[in-house]
2 protein chains.
Amino acid sequence: MANQQAALDTLFHALADPTRRAVIGRLLDGAAPVKRLAEPFAMGLPAFLKHLSVLETSGLIRSEKAGRVRTCYINADRLTAAEHWLAEQRAVWQGRADRLAAFVEAHNPPTT
Amino acid sequence: MANQQAALDTLFHALADPTRRAVIGRLLDGAAPVKRLAEPFAMGLPAFLKHLSVLETSGLIRSEKAGRVRTCYINADRLTAAEHWLAEQRAVWQGRADRLAAFVEAHNPPTT
DNA sequence: TTGTTGGTTTGCCATATGGTAAAGTATAGC
DNA sequence: GCTATACTTTACCATATGGCAAACCAACAA
C-alpha cells in the first residue's frame with residue numbers, strides 16, 4: 001500500500017517539530033481551544049495555525065468549531081500507528097540479532 | 001534538556017521520508033555498501049548521499065569507509081529512542097483515559 | 001599506466017517550510 | 001448597534017529540502 005507510506009511521511013513529519021510535539025503533549029491532558037494552545041509559544045497565530053494544520057492533516061489531532069472558538073482534540077491512535085512502525089522495525093532487528101547470537105553461540109565456545 | 005528536543009527533531013525528520021525508511025528497512029537485514037543501498041532507488045548518487053547523511057546525523061545509521069567503499073550499519077537504539085517518546089505520550093494519554101473511565105464509572109450506573 | 005569503479009564535491013534549481021505583517025470575518029458581550 | 005475576541009485569509013519573505021548534472025578524487029584491476 002503506497003498510501004501507508006504517505007501517511008507515515010506526514011505522521012513523522014508532524015512529529016519532527018518541538019512546537020507540534022508540545023501541542024500534542026498539551027492535548028494529551030485534555031482538549032483545548034486554539035488560543036489557549038497558542039499562548040505558550042512566541043509566534044503569531046498564522047504561524048501557529050500552520051502547525052495545527054500540519055497536525056490535523058497528519059491525523060494526530062482533530063478539531064471542531066463552535067461559535068467562534070475552535071477546540072482541538074488529540075487522536076491517540078495515530079500515535080500508536082507511528083509506534084507500530086517502529087516496533088515492527090525493531091522486531092526485524094531483534095530477530096536478526098537473535099539469529100546472529102544463536103549462530104555465534106553454535107560456532108564458538110561460550111566465553112564464560 | 002533542550003538538546004533532547006533537537007535530537008527528536010532530527011530523528012523524526014529522518015524517519016519522515018520513504019527513501020530513508022526503506023534504507024533503514026534494508027539495513028535491518030545487515031550492513032551494506034552505499035552503492036548497493038542506492039540501487040533500488042531512481043535517483044542519482046548525490047541525492048541519495050544526502051539521505052544517508054540525514055540518517056547518519058540523526059544517529060539512525062553509522063558508516064565506515066574501507067578502501068574506496070563505505071559500508072553502512074544500522075544503529076537500532078535510535079529507533080527505540082523514537083519509540084520511547086511515543087510510548088511515553090501514550091502512557092500519559094492512557095493514564096488520562098483510565099482516570100476518565102473511572103470518573104464516568106463512579107458517576108454513572110454501568111450501562112450493562 | 002590506464003581504465004573503471006565507488007564515492008565525493010560543487011553548483012544549480014524548484015519547491016516546501018516556518019515565519020512575518022496586515023487586513024478580513026464572524027460571533028459574543030455590552 | 002458597537003466593540004472586542006477568536007480566528008482566518010492573503011501576501012510576502014528567508015531558509016531548508018530534495019533533486020539534478022558535471023566535474024573530481026582515490027583505489028583497485030588489467
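Computation of the quantities below employed the complete heavy-atom set of this structure, encompassing side-chain atoms and omitting hydrogens, waters and symmetry-equivalent molecules.
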I'd like a table of atom pairs between the protein and nucleotides 2-5 of chain C - only N or O on both sides, under 3.5 Å - with the distance next to each one.
from  : atom 1 : to      : atom 2 : distance (Å)
C/dT5 : O2     : B/Arg68 : NH1    : 2.3

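Salt bridge status for A/Arg62 with A/Glu64: present, with a side-chain N to carboxylate O gap under 4.0 Å.
Between the P atom of C/dC13 and the NZ atom of B/Lys50 lies a distance of 14 Å, rounded to the nearest Å. Between A/Phe48 atom CZ and C/dT20 atom P the separation is 12 Å, expressed in whole Å. Regarding A/Asp17, its CG atom lies at a distance of 8 Å from the C1' atom of C/dG18, rounded to whole Å. Rounded to whole angstrom, the span from the CG atom of B/Asp9 across to the P atom of C/dG18 amounts to 10 Å. Between the CG atom of B/Leu49 and the P atom of C/dT8 there is a distance of 6 Å, given to the nearest Å. B/Glu39 places its CD atom 12 Å from the C1' atom of C/dG6, with the value rounded to the nearest Å. Between the NE2 atom of B/His51 and the P atom of C/dT8 there is a distance of 15 Å, rounded to whole Å. Regarding B/Leu52, its CG atom lies at a distance of 16 Å from the C1' atom of C/dT9, rounded to whole Å.
Residue contacts for B/Arg20: at a heavy-atom cut-off of 4.0 Å it reaches the sugar-phosphate backbone alone, with no base atom in range.
Place A/Gly67 and A/His13 on DNA chain C by their nearest nucleotides, and A/His13 ends up nearer the 5' end.
Under the 4.5 Å side-chain contact rule for hydrophobic residues, B/Val54 and B/Ile61 do not share a cluster.
Once you apply a 4.0 Å limit to the heavy atoms of chain A, the touched nucleotides of DNA chain D run 5' to 3' over D/dA4 to D/dT9.
At least one side-chain heavy atom of A/Trp93 sits under 4.5 Å from a side-chain heavy atom of B/Ile74. Side-chain contact between A/Leu52 and A/Leu49 is present, with at least one heavy-atom pair separated by less than 4.5 Å. Within the 4.5 Å cutoff, the side chain of B/Leu55 has heavy atoms near those of the B/Val23 side chain.
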- Message: Please determine whether side chain to side chain contact (heavy atoms under 4.5 Å, CB included) holds for the pair A/His13 and A/Arg20, giving the CA-CA distance in whole Å, both sets of side-chain angles, and the decisive distance to 0.1 Å.
- Response: CA-CA 10 Å; A/His13 172 246; A/Arg20 293 196 285 262; 3.7 Å; yes
- Item | Verdict with reasoning, A/Leu15 to B/Leu8, per side chain to side chain contact (heavy atoms under 4.5 Å, CB included) | CA-CA 8 Å; A/Leu15 292 172; B/Leu8 283 174; over 6 Å; no
- Query: Under the side chain to side chain contact (heavy atoms under 4.5 Å, CB included) criterion, do B/Leu11 and B/Trp85 qualify, and how do the steps go?
  - Reply: CA-CA 11 Å; B/Leu11 189 46; B/Trp85 186 87; over 6 Å; no
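To the nearest 0.5 Å, atom CG of residue A/Leu28 and atom CZ of residue B/Arg90 are 11.5 Å apart. One finds the OG1 atom of A/Thr19 at 4.5 Å from the NE2 atom of A/His51 (value rounded to the nearest 0.5 Å).
In summary, the side chains of B/Gln5 and A/Arg21 do present a donor paired with an acceptor at a separation below 3.5 Å, with no hydrogens or angles considered.
DNA chain C lies under 4.0 Å from at least one heavy atom of each of the following residues of residues 57-66 of chain B: B/Lys65.
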